[in-house]
Protein chains: 2
Amino acid sequence: MNITEAQEKFIQAWGTLGQQWGVNRTMAQIQALLLVAPEPLHAEEIMERLSISRGNANMNVRALIDWGIAYKEHKSGERKEYFRAEKDIWEVAKRVTLERRKRELEPIVKLLDEVKQITGDKNDPEIKEFELMVDRLDKFANKVDKSLEYVIRADEHWFLSTFMKAFKG
Amino acid sequence: MNITEAQEKFIQAWGTLGQQWGVNRTMAQIQALLLVAPEPLHAEEIMERLSISRGNANMNVRALIDWGIAYKEHKSGERKEYFRAEKDIWEVAKRVTLERRKRELEPIVKLLDEVKQITGDKNDPEIKEFELMVDRLDKFANKVDKSLEYVIRADEHWFLSTFMKAFKG
DNA sequence: TTATACTTTCAAAAAGTTTTGAAAGTTATT
DNA sequence: AATAACTTTCAAAACTTTTTGAAAGTATAA
């Protein structure tokens with residue numbers, strides 16, 4: 001396999017994986033392309049390399065930047081904007097974790113708070129079960145939230161340092 | 001807010017959250033319904049409560065069972081099948097983690113292995129960058145994989161016991 | 001064996017998401 | 001101020017996923 005084939009394969013597969021992660025295919029493909037590119041690329045290059053339209057390229061590059069996993073870059077003497085990917089995988093993982101925490105965990109906690117105060121006979125089995133479930137979920141969500149906060153704030157290599165000891169390095 | 005409104009709100013919101021997790025809306029709604037139900041429900045009840053078709057109900061109940069987060073149940077003297085949700089949230093989290101590991105992590109490792117052996121001039125910047133990236137991703141994926149394996153095998157309350165010490169809780 | 005009470009399947013329809021590309025917007029240069 | 005080089009927007013089209021419901025399948029009881 002030569003380098004072009006390998007890059008192509010990687011980009012396609014990364015796109016497919018992205019979809020399972022709830023990330024749109026093109027966004028993941030652009031990230032993959034920027035990850036394997038030794039130099040920043042501009043819109044035209046991305047469009048050509050992935051055979052996508054200008055609008056699509058623009059939209060998804062912007063999404064990557066919003067997530068904090070790609071950056072705009074300017075080359076002196078050039079008007080074009082260049083883009084590069086964040087290549088520190090731990091940093092990417094941290095960003096993605098933060099983003100998901102915001103999008104997934106915060107709404108759960110908010111929902112549970114709203115739904116916590118219900119009126120009615122506390123001996124009704126429906127009410128008993130509901131309150132039990134809300135309580136269980138709330139405890140869980142708060143534990144996960146605190147744990148994420150902890151690991152995100154900690155050293156970027158937390159995962160290594162916390163767990164790898166168990167595997168002797 | 002009365003119990004019916006609260007349940008309704010919870011079910012709808014859980015469905016929306018499910019979508020962001022890559023889980024189909026109806027599957028998440030059925031899970032939510034079964035989570036708040038004090039007794040197991042049968043197909044007819046699920047269809048009616050969520051206003052969905054028989055096929056849709058059947059398909060998504062089956063998916064929940066495949067994921068190991070809901071169970072079939074039989075009531076003696078009844079021909080209908082009843083369904084109940086796994087209500088231990090730690091158990092649900094474990095199952096979901098296992099499922100995602102299989103669907104998301106395993107394909108990455110497989111891809112990286114395939115793409116690792118490329119032919120060409122090792123001084124070509126494209127090749128250098130590519131090999132660097134594959135190596136970084138491979139190390140990361142393997143660390144995450146081993147860590148998940150560890151925490152899944154460990155006590156169900158691993159999350160608590162590993163991190164909560166840091167919060168004196 | 002036949003009838004009945006249920007569950008499962010699957011092709012077509014509906015709903016939802018992504019992509020396109022032309023037009024509008026922005027900024028830098030002359 | 002006008003032009004050129006670029007970026008962004010957005011409505012329509014293409015594509016993907018989900019849902020429906022009627023038909024087929026299965027198991028139990030009489």
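Since the structure is predicted, the reported quantities are computational estimates derived from the model, not experimental observations. In the text below, chain A, chain B and the rest are named by the order of the sequence lines, each starting its count at 1.
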A side-chain contact here means heavy atoms from C-beta on lying under 4.5 Å apart; do [X] and [Y] qualify?
| X | Y | result |
| --- | --- | --- |
| B/Thr119 | A/Met1 | no |
| B/Ile30 | B/Trp14 | no |
| A/Glu129 | B/Glu39 | no |
| A/Lys110 | A/Glu114 | yes |
| A/Phe83 | A/Glu81 | yes |

Atom pair distance, as rounded to whole Å: [atom1] in [X] and [atom2] in [N]:
| X | N | atom1 | atom2 | value |
| --- | --- | --- | --- | --- |
| B/Ile52 | D/dT17 | CD1 | C1' | 16 Å |
| B/Gln19 | C/dG16 | CD | C1' | 9 Å |
| B/Glu81 | C/dA5 | CD | C1' | 12 Å |
| A/Phe83 | D/dT8 | CZ | C1' | 11 Å |
| A/Leu50 | C/dT20 | CG | C1' | 15 Å |
| A/Ile65 | D/dT7 | CD1 | P | 11 Å |

Which protein N or O atoms sit under 3.5 Å from an N or O of nucleotides 9-13 of chain C?
{"unit_1": "C/dT9", "atom_1": "OP2", "unit_2": "B/Arg62", "atom_2": "NH2", "d": "3.1"}

State whether the number of non-hydrogen atoms from other residues, nucleotides or ligands found under 6.0 Å of [X] atom [atom1] is greater than 12.
| X | atom1 | answer |
| --- | --- | --- |
| A/Glu99 | CD | yes |
| B/Lys116 | NZ | yes |
| B/Met59 | CE | no |
| B/Glu48 | CD | no |

| Sole residue of A/His74, A/Lys75, A/Lys72 in side chain to side chain contact (heavy atoms under 4.5 Å, CB included) with A/Tyr82 | A/Lys75
| message | Under 4.0 Å, heavy atom to any atom of DNA chain D: which of residues 24-46 of chain B qualify? | response | B/Asn24, B/Thr26
| DNA chain D-proximal residues of residues 66-80 of chain B, any heavy atom under 4.0 Å | B/Arg79
| query | What distance do A/Asp88 atom CG and A/Lys94 atom NZ have between them, rounded to the nearest 0.5 Å? | reply | 8.5 Å
| Among D/dT20, D/dT19, C/dT19, which nucleotide sits nearest the side chain of A/Asn60? | C/dT19
